[in-house]
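Everything on this sheet refers to the single structure shown next.
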Number of protein chains: 2
Amino acid sequence: MQITGAASTTSVLRVMNSRAVFAEVFRLGKASRPELAQTTGLSKPTVAMALTHLERAGLLRQVGQRSGAAGRSALLYEVRPEAGWVLGVDVGRGYVRVAVADLLGTIVARKDRPSRGSRASTLVTQLTRLADELTAEVGIARSDITLTVFGTPGVHDAQTGALRSAPNLPGWDRPGSVERLAEVAGAPFVVENDVDLAAVGESAYGLGAGIDHFVYVSIGTGTGMGIMIDGKLYRGFRGAAGEVGYLPVAEGDPLQDEPASRKRGMFESVASADGVVSLARRLGMADAASAKDVFEAARAGDPTATRAVLHEADHVAHALAAVTAILDPELVVLGGGIGTQGGDLLTGPVRDRLTSLVALDPPRIEVSALGADAVLRGALAVGLTGARDLVLDRAASIATATTGQR
Amino acid sequence: MQITGAASTTSVLRVMNSRAVFAEVFRLGKASRPELAQTTGLSKPTVAMALTHLERAGLLRQVGQRSGAAGRSALLYEVRPEAGWVLGVDVGRGYVRVAVADLLGTIVARKDRPSRGSRASTLVTQLTRLADELTAEVGIARSDITLTVFGTPGVHDAQTGALRSAPNLPGWDRPGSVERLAEVAGAPFVVENDVDLAAVGESAYGLGAGIDHFVYVSIGTGTGMGIMIDGKLYRGFRGAAGEVGYLPVAEGDPLQDEPASRKRGMFESVASADGVVSLARRLGMADAASAKDVFEAARAGDPTATRAVLHEADHVAHALAAVTAILDPELVVLGGGIGTQGGDLLTGPVRDRLTSLVALDPPRIEVSALGADAVLRGALAVGLTGARDLVLDRAASIATATTGQR
DNA sequence: TCAAATTCGTAAAGGACCTAGCCAAATCGC
DNA sequence: GCGATTTGGCTAGGTCCTTTACGAATTTGA
């Protein structure tokens, strides 16, 4: 029953066409007027007009000529990388990653640091200093940052400004606490769940490129899932979509019959790093200290560790069976400490087990191409998209202002 | 990295504005020029021009005047209901429901019949005769139908024209078999999963009105789920999203420890009508013949039947816990035979159980407002949306043709 | 080295669309 | 019946885009 259809005046055409031209230049890297006229379907004068506007607004610049072919050589245009800057921040569990990228998405400065305490004030201080260092390195002011994107654990409630379900960031669940990040960023900033950003990163730069529906499943200290639907991030009603840690654990594992784990019965408690370690211990691998140990032992051929890994694969397969039954994704990307380290040790058994659990062929299952960088890259991708819109809006308002003055 | 931005010429403005005006008339029912100018933001002459075009194309008609207020009385316009017709078909398991609606969505003719066999040819014959009867009743030709929408079990693969996973429609899984429905419909028709259509119906006419993210869970002879995301139907990569029948069944139910059911371990096998009956029998209710019996007995106070219903609620809650963890919907609508008949007998325990299984507050859980009509209403809603676009496209092509001739 | 061919960039002309503003027509209240 | 008020229709004006056309720049070939 919903009927769409925005009414418009002629002036929106100019904006639309400018955006289209900019988008094409962005896509092609370098482009001439005739090329742009052809790909956008606009006429040469219109393209020329748009290019003039965009160049005057500082979004594009002329860059040499295309020679070699017969006839007059065409002037080439490209995006001015300095037309916008993006600050991406990955607030991880034990570390902090910060990077600055230009409008083309090229990372021009980056620092990774161990996290200095989890208290809000120390974290803000550390991030602010890192942002200062990075912008200085690039040679810009912090106010030149067009958009900042933070990736954090937990669910960010934009209404209250609180960060729920982020136990390793104590104090951030208070209403309004997120606003303290304004100190780090310039004016416009965005806070997004880290796993969601990893999914975006994988979509923009990794295995998810060009895939409409896929999920990024992170398994490490905790568990989480980022869902991309129609190429866009899906957050759910309250931003809690993809909280697979609360998936009821599937039956069929005799080890799960112990009362303690049956009581919890959640995916996170059995499949996360701690779950793998306790599983390996119960299987008889008394010296298992970390999930990494277990996977290394399994890779070395230890039969007990191998059994533990197979059990882990079984848990993951059951979770993915639920995801497949509900979402029918084209691709599942495994990330996080265990998802990445496990590699083919995990994907093989997961694929086998999943095949017997789902109706049709199971979705493709791959290990993240970006690894630990996924969140940061996702933050930059989100920032880049937003920054592009912001600078275009700014250019449009400049254009209308100048035409209005005449 | 994706950059949107369609380039446009001035002529698309006319189309856009005509659509906007039409949409407003549709929304308001009856509207005058000044009203439309105000709500669309367009000027009076533009609105007048659009109205003239739409009236000439037969989409709108003038209908009296608005009097009572001071000043000249305004001419009123409304959508011509006869500007388009929609045929909706619900191919159910034992029945067939067919209805014709006009462009306003008013059902003008409808017939429900027991399904005459499940063979493709007899079904097509029956549907064709029903369509003929209905159109005759309305006084239109079958070729006047703008768009036909079929709701069927199974997954329709538009690539091959096959209908997968629909065991009660034998023969329809052959490639190209769906094309036989062209005989029933006029030229343009759409085949959609029945549960998906029920979700759309609930979104257009039922409890889902105005809700962006919700799911419709059908529990009856089989199980299924329709997913609405951002107010649109989500189908998944291969159209198999929402196949909750394949959800791994959660642990924690001692009754499930019998080997037979553990082997299957799917939601459908335990939660569908057959599952309820066998569960009740195993609990000692030897005379349980149908799920309806069980629910009636429970409603009458039978303790064994009540236990069975509670177990059913537990299964449903576990499935919804998985759905909530993955999708975080705002609302869950229960439909299908069991979902509808169960009523508060089911929703109460489901809510209680679900609360203990999920992280945040559980989503709202309600029983379908449309009941057995949900699929048919959904078919009509989908058809209405499509028909509106079709007649607008047709009107636009007429308009450009006439302006081109001048 | 020079002319032909080809392509690019821009200017002018024309068409389509929308807005602003005016005036006539119609209606209601007094 | 008359004035206030609102609606409908019309005209003038402006913005935007496209088509057409022409000069400018470059390569190719002789």
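Order of the sequence lines sets the chain letters (A, B, ...), proteins ahead of strands, with each chain counted from 1.
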Nearest-Å distance for atom pair [atom1]/[atom2], residues [X] and [N]:
{"X": "B:Leu51", "N": "D:dG8", "atom1": "CG", "atom2": "C1'", "answer": "12 Å"}
{"X": "B:Leu13", "N": "C:dA16", "atom1": "CG", "atom2": "P", "answer": "14 Å"}
{"X": "B:Gln38", "N": "C:dT19", "atom1": "CD", "atom2": "C1'", "answer": "16 Å"}
{"X": "B:Arg19", "N": "C:dC17", "atom1": "CZ", "atom2": "C1'", "answer": "18 Å"}
{"X": "A:Arg33", "N": "C:dT7", "atom1": "CZ", "atom2": "C1'", "answer": "14 Å"}
{"X": "A:His53", "N": "D:dC16", "atom1": "NE2", "atom2": "P", "answer": "7 Å"}
{"X": "A:Tyr77", "N": "C:dC8", "atom1": "OH", "atom2": "C1'", "answer": "11 Å"}
{"X": "B:Leu75", "N": "D:dG9", "atom1": "CG", "atom2": "P", "answer": "7 Å"}

For [X], all residues meeting salt bridge (Lys or Arg N to Asp or Glu O under 4.0 Å), sequence neighbours excluded:
{"X": "B:Asp230", "answer": "none"}
{"X": "B:Glu137", "answer": "B:Lys111"}
{"X": "A:Glu35", "answer": "A:Arg66"}

ask   = Counting just side-chain N and O atoms, does A:Asn17 come under 4.0 Å of either OP1 or OP2 of D:dC16?
value =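 Checking D:dC16 against A:Asn17, no side-chain N or O comes under 4.0 Å of OP1 or OP2.
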
key: Contact under 4.0 Å: A:Thr46 side-chain N or O vs D:dT18 OP1/OP2   =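 Checking D:dT18 against A:Thr46, a side-chain N or O does come within under 4.0 Å of OP1 or OP2.
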
inquiry  = Do A:Leu147 and A:Pro188 make a side-chain contact, defined as non-hydrogen atoms from C-beta onward lying under 4.5 Å apart?
reply    =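 Yes. Closest side-chain heavy atoms under 4.5 Å.
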
key: Partner set under side-chain contact (heavy atoms from CB on, under 4.5 Å) for B:Val86, not counting sequence neighbours   =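 Checked B:Val86 against side-chain contact (heavy atoms from CB on, under 4.5 Å); matches are B:Leu380, B:Ala387.
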
key: All side-chain contact (heavy atoms from CB on, under 4.5 Å) counterparts of A:Asp393, not counting sequence neighbours   =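 Per chain and number, A:Asp393 pairs via side-chain contact (heavy atoms from CB on, under 4.5 Å) with A:Arg19.
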
task = Counting heavy atoms from C-beta on, name the nucleotide in C:dC18, C:dC8, D:dC17 closest to the side chain of A:Ala74.
result =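 Ranking C:dC18, C:dC8, D:dC17 by closest atom to the A:Ala74 side chain puts C:dC8 first.
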
Closest nucleotide among C:dG21, D:dT18, D:dC17 to the A:Pro45 side chain =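 Of the candidates, D:dT18 comes closest.
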
Find every protein N or O atom lying less than 3.5 Å from an N or O atom of nucleotides 22-28 of chain D, and list the pairs.
{"unit_1": "D:dG23", "atom_1": "N2", "unit_2": "A:Arg72", "atom_2": "NH1", "d": "3.0"}
{"unit_1": "D:dA24", "atom_1": "N3", "unit_2": "A:Arg72", "atom_2": "NH1", "d": "3.2"}
{"unit_1": "D:dA25", "atom_1": "O4'", "unit_2": "A:Arg72", "atom_2": "NE", "d": "3.4"}

ask   = Do A:Glu55 and A:Arg80 sit within salt-bridge range, that is, some charged N less than 4.0 Å from a carboxylate O?
value =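 Looking at A:Glu55 and A:Arg80, the cut-off is not met.
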
